[in-house]
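Comments concern the structure below.
When reading the values below, keep in mind they use all heavy atoms of this one structure, side chains included, and skip hydrogens, waters and symmetry mates. Numbering of ligands and ligand atoms starts at 1, following listing order.
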Amino acid sequence: MDLWEFLLFLVVQRACSGLEVTVPLSLQTASPGSIVLLPCTFRVKDSTVNPNFLAVVWKYGEKELVKFDNKGLTSTLKASIDPQAALKGDATLTVHDVTVSDEGTYKCIVIYSPEMDQKTIDLRLQATPSVKMTKKALLKNQKNRLVCSATDFYPRAITITWRRNGQVLLTSNTGEPQGNGDGTYSVNSSVILNPTETQEKQLIECQVEHESLGKPITDEYSVIYGETPSVQVFSLEMPGPRDMPGQRERVVVCEAKRFSPEAITLNWKLEGKLAKTPGKNEDGTFTEQIYYRVYPSPDNEPEDFSCEVQHETLLNPITQTHQVRYFSDQDKSNHLGLAFLLGMLVSMAGIGVLLWFLLYKKKYFQHFMVSPIYGPETSNENDKVTFYCVAFNCLKATEVTWCVTETDGKPVTLPHPRTKDEEERLLGCDYTMRTDQSGDNKLQKVITALIFAPSVSHHSNMTIVCKFTSDGKTKETELKWSFTLRKPQVSDEKPIALSLGDSGDVICSIELKDFNPKDIGITWSCGAGHYQDLETIKDKITENSQKTYDAKSECRIPGNRFTEPGFKVRVTWRHESMEEPEWREVSAADLPWCPQMSDISVPRLLHGKEAKLQCKISGYFPDALTVNWLRREAGKPDLFPVSPSDKYKIPVMNVTRQEDQTFTCIASIIVNVSIKPDHRAEFICQVGHLTSTLEKRTGELDVKGIPVVDVAFTSKRSDNWLIANVRSFYPDQITVKWSRTKYDSKYVEYPDITEEVTKSSDGTFHLITKCKAKKFKDKKSFKVSVEHESLESPIEKVMSPHKDSFFVTYKESRTPLPQITSDKEDGHPPDSAKLHEATEK
Ligand SMILES: *[C@@H]1O[C@H](CO)[C@@H](O)[C@H](O)[C@H]1NC(C)=O
């Protein structure tokens, strides 16, 4: 409120107002671009308004839009009031062409001197969305994207909900509304549908809720399924007439087939530009036709003719290009001419064939002539084949007759249909013909097509004749054709490929190649002796470059089923080319995931200690492994199984699954080692998996015995003897030395009496050695030192005199303990550098 208003306000308060301004209570809404009336009326005490006392002001925020007083009206084209009405108490504001920026609060101020009253009124803009869903035929067993667009709405907030048969689809994805530049918004929302064969009728709804709408707008689509056209562009050369054999012509054909629904658009593109189609369009069997004139380039450069096909099942048009060279080099000189595009549509049984013809013709060359018959080289059709023939420069009343001689010599003639009825009748036969005629009155072009479903019995060897009769002249052209069956080929080496699925399934797949026709039945079954049918994951049939078909089929088998004895998986296929179905099988023996064994790791084997032998087994599938430990006695050939006992422990294996789905485990045995019977014996790890067995051997074991040294002292009269008993060592080579300290405390060798090494009952060796210590009083220390190959450094025992005896003060041996490999799957042995150390009094 500015000062001026404030003062007036005071005036009004004082003067016990007779002035009253009225506006609607609710906010006003309007759509962009419309004319809005913001109503404002007022009443004064006097029955009539004295214009000298009246002032009306409209404000939008702080901005004055309109002012009307005794000096006149100030307004804009955009916003104004009617002065005449104002004098009668109606100050309604008219705003033209409202936009989003006109939203806000408007103030209607009326001064009737000395009184003043004012009211505010809110204007809100609302634009109702237009809702449209793309309604395109869906492709089965594929991801299809449906888009629903809500356009030109305001304000921005909007809700789009998708439903399928009434159920909300939560997978929909609505983008951010985008501004349209005029303040309104548009947004796209999409869902991905993956309809399968089995799904019933589907009604897809796109529902849009917006504040401008009393109730939601819904667009709906009852799903229909379609097929994508396959497009081929080809050309055929027509022979020149007898007197001008060099004058050849070319017809370029664009064929779109096996599509549905029927609506389709074909365009020729010449040098990347859409070819205009100034020719006539006539209705007929072929529902569309177009001619196009082309002047071939004088230098006889090859030209690209592209055919662009648009169909509702396609996101982007299919474009196929064919290169045409008008003349062979010898007739470069006469290359003036025209080319025509001619298009036609044939539809049959829901699947259409659309053809566009482009033909080049020389201007001065006006003989009645007929093209060769064009047809598929081998039959690669699942159902029907189409043969084409074209005639030029014929009269309007040209008749076309197709004549077919089947394998058995039986001729079938299809005469030119004279009425619609006849055409219908022809359609019902094995053979169908369609003919279209167009052009100016004098010189016509006729295109005709013969369509039939080939079979081995009738069409393995046939002749097709196309005959045109015009103006009493008859021209015909003949084609020999054979329908050949191609037997599915399968790899001899590994017909069934095997791989592992994530969930431990075996995926079996087979590829059958190069067969014709397309129809093939592939079934999977499995069992032992008795076969049960399996569900196939997918059969994929593709046309290959030889115009025949390849099929790939897959099924999944739980891996553990292969452990059943005699279990097999069989794939069987049936095809028209084979009298009997063929099959191939796989069994457990074919599974490529056989176990791999590492060498058995053997730690240092020491008499009287436990040792763990272990072997890593990996890469096998399924998890059906048997492990046996066997033992061969030293010097004997026979193997004996090892069973758990005091001497042998066989820990439970820990099996782990690897990323590639195969299994890994570590087989181990813990042996309480002794020289007898383990030295030179051998352990064997035998692994059985499905049909395979394999083994690893330790080789002859080498067991060592670490010497144990006990010392004693005996005294007989004046003879004092120090005795060392060395035992439990293996092998028998051993070095025992005695020494004694001299005055400088250094040890020097000292004479001894050492017995022969003898063998103990447990297979180890022992000996007794002694030396004579004459006196105690000289305080000399004695040392016995034992060297043996099982020791890293000698065992030394020092005996020092103490009173009337000796004490053993020090003993050391530096022999690593036997390696006990941990159970950890990495198989790393524990720190093997631990030293055995003991002190004994
Ligand atoms: C919606 O999709 C159509 C067609 O793809 C596109 O032209 C349009 O710009 C999109 N609109 C928005 C708001 O994204």
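Other residues, nucleotides and ligands place no more than 12 heavy atoms under 6.0 Å from the NZ atom of Lys540. Sparse packing is recorded around CZ of Arg145, with 12 or fewer heavy atoms of other residues, nucleotides or ligands lying under 6.0 Å away.
With ligand atoms numbered from 1 in the order given, ligand 1 contributes 13 (C) to contacts under 4.0 Å with heavy atoms of Ser186. Residue Gln178 approaches ligand 1 through these ligand atoms, each under 4.0 Å from one of its heavy atoms: 13 (C).
Side chains of Phe515 and Thr548 form no contact here, defined as non-hydrogen atoms less than 4.5 Å apart.
Put simply, no part of Gly175 is less than 4.0 Å from ligand 1, judged by heavy atoms.
A salt bridge between Arg124 and Glu211 is present, with a side-chain N of the basic residue lying under 4.0 Å from a carboxylate O of the acidic one.
For atom 14 (O) of ligand 1, the nearest protein heavy atom lies closer than 4.0 Å. For atom 7 (O) of ligand 1, no protein non-hydrogen atom is found at a distance below 4.0 Å.
Of all protein heavy atoms, the one closest to atom 5 (O) of ligand 1 is Asn188 ND2, 4.7 Å.
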Next on the checklist: Could you walk me through whether Cys148 and Cys206 satisfy the disulfide (SG to SG under 2.5 Å) test, starting with their C-alpha distance in whole Å, then the side-chain angles of each, then the deciding distance to 0.1 Å, before giving a yes or no?
Outcome noted: CA-CA 7 Å; Cys148 180; Cys206 164; 1.9 Å; yes
